[in-house]
Amino acid sequence: MKRILAFGLILCLLIGCFGCGGKRGLEFYVLQEGSLKGNESERDLLALAKKEGRLAFTQEDLEGYLWAEHEIRLKAQPALGSVSDGGSRIFQAKGGDRFLLVLHGKLLYSGGFDSGAGSAQVQISPFIKDTSSQSFAIAFSSKYSEGADPRASKKLYNYLAECQLLASMLNEK
């Protein structure tokens, strides 16, 4: 009986530490343009995000994640910034800023923001692209647009499924 109770207690602790409601679940950070040198390791990027970055969204802010399109819908419409050329109004980021997608304190991927139609700036891939006033997508440059999606992350997929954030449709309300 003591073994069963001990096992149950350990299981509860593990779920509490690594489950959806955990303190360090899914996080989107924004780093301002110029804060990166270009040769940072994953560990350096995470440290920089925590020190100088801005936490934009966590899993509590997400209404759903449309896996097929990598489109994310927020529960509430954020305060929109004014982005004239590129960037993201939802993230309040400029075209040269960077984003980090972190899961349980580990970097899944990092990239840029949409550089805009008239921009001469090279598009950093992957990039965040606003799809509506309440949703955005994680996209790749056009060479990946025909189905060769390099973002097959079972960790992210399983986490989203466990948190019931996977969506089959994200209709505009």
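In this chain, numbering begins with 1 at the start of the sequence shown.
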- Residues S135 and E71: closest non-hydrogen pair is OG-OE2, 3.1 Å

- Item | Residues that N158 engages under side-chain contact (heavy atoms from CB on, under 4.5 Å), provided they are two or more places apart | K154

- Query: Nearest heavy-atom pair of V30 and A93: which atoms, and what distance?
  - Reply: CG1-CB, 4.2 Å

- Query: Is H104 close to K155 at the side-chain level, that is, under 4.5 Å between some pair of heavy atoms?
  - Reply: no

- Task: For L31 and L100, run side-chain contact (heavy atoms from CB on, under 4.5 Å): C-alpha distance rounded to whole Å, both residues' side-chain angles, the deciding distance at 0.1 Å, then the answer.
- Result: CA-CA 8 Å; L31 292 170; L100 293 139; 3.6 Å; yes

- Note on the structure: Sorted by chain and residue number, the side chain to side chain donor-acceptor pair (under 3.5 Å) partners of S35 (sequence neighbours excluded) come out as none

- Sorted by chain and number, sequence neighbours left out, ring pair (Phe, Tyr, Trp, His ring centres under 6.0 Å) with F28 holds for F91, F136

- Could you pull out the closest heavy-atom pair between F99 and L101, with the gap in Å? CD1-N, 4.0 Å

- Message: Does K50, at its NZ atom, have more than 12 non-hydrogen atoms belonging to other residues, nucleotides or ligands within less than 6.0 Å?
- Response: yes

- Determine whether K129 and F113 make a side-chain contact, defined as any pair of heavy atoms from C-beta on separated by less than 4.5 Å. no

- If you take all heavy atoms of D130 and R89, which pair is closest and at what distance? OD2-N, 2.7 Å

- Kindly write out the residues that satisfy side-chain contact (heavy atoms from CB on, under 4.5 Å) with K106, not counting sequence neighbours, or none if the list is empty. none

- Query: Partners of L55 by side-chain contact (heavy atoms from CB on, under 4.5 Å), sequence neighbours excluded?
  - Reply: E27, Y29, T58

- Those residues at least two apart in sequence (or on a different chain) that pass side-chain contact (heavy atoms from CB on, under 4.5 Å) with L62 are L26, I72, L74, L165

- Which pair of heavy atoms, one from Q92 and one from R54, lies closest together, and at what distance? O-NH2, 3.3 Å

- Between S132 and I90, the two heavy atoms sitting closest are O-CD1, 3.4 Å

- Got a sec: does the CD of E52 have more than 12 other heavy atoms crowding it under 6.0 Å? yes

- Message: Tell me if a side-chain donor or acceptor on D97 pairs with a main-chain N or O of E33 at a distance below 3.5 Å.
- Response: yes

- Under a 4.5 Å cut-off applied to non-hydrogen side-chain atoms, are I138 and I128 in contact? yes

- Message: As an exercise, state the distance from CD of Q32 to CG of L48, rounded to the nearest 0.5 Å.
- Response: 11.0 Å

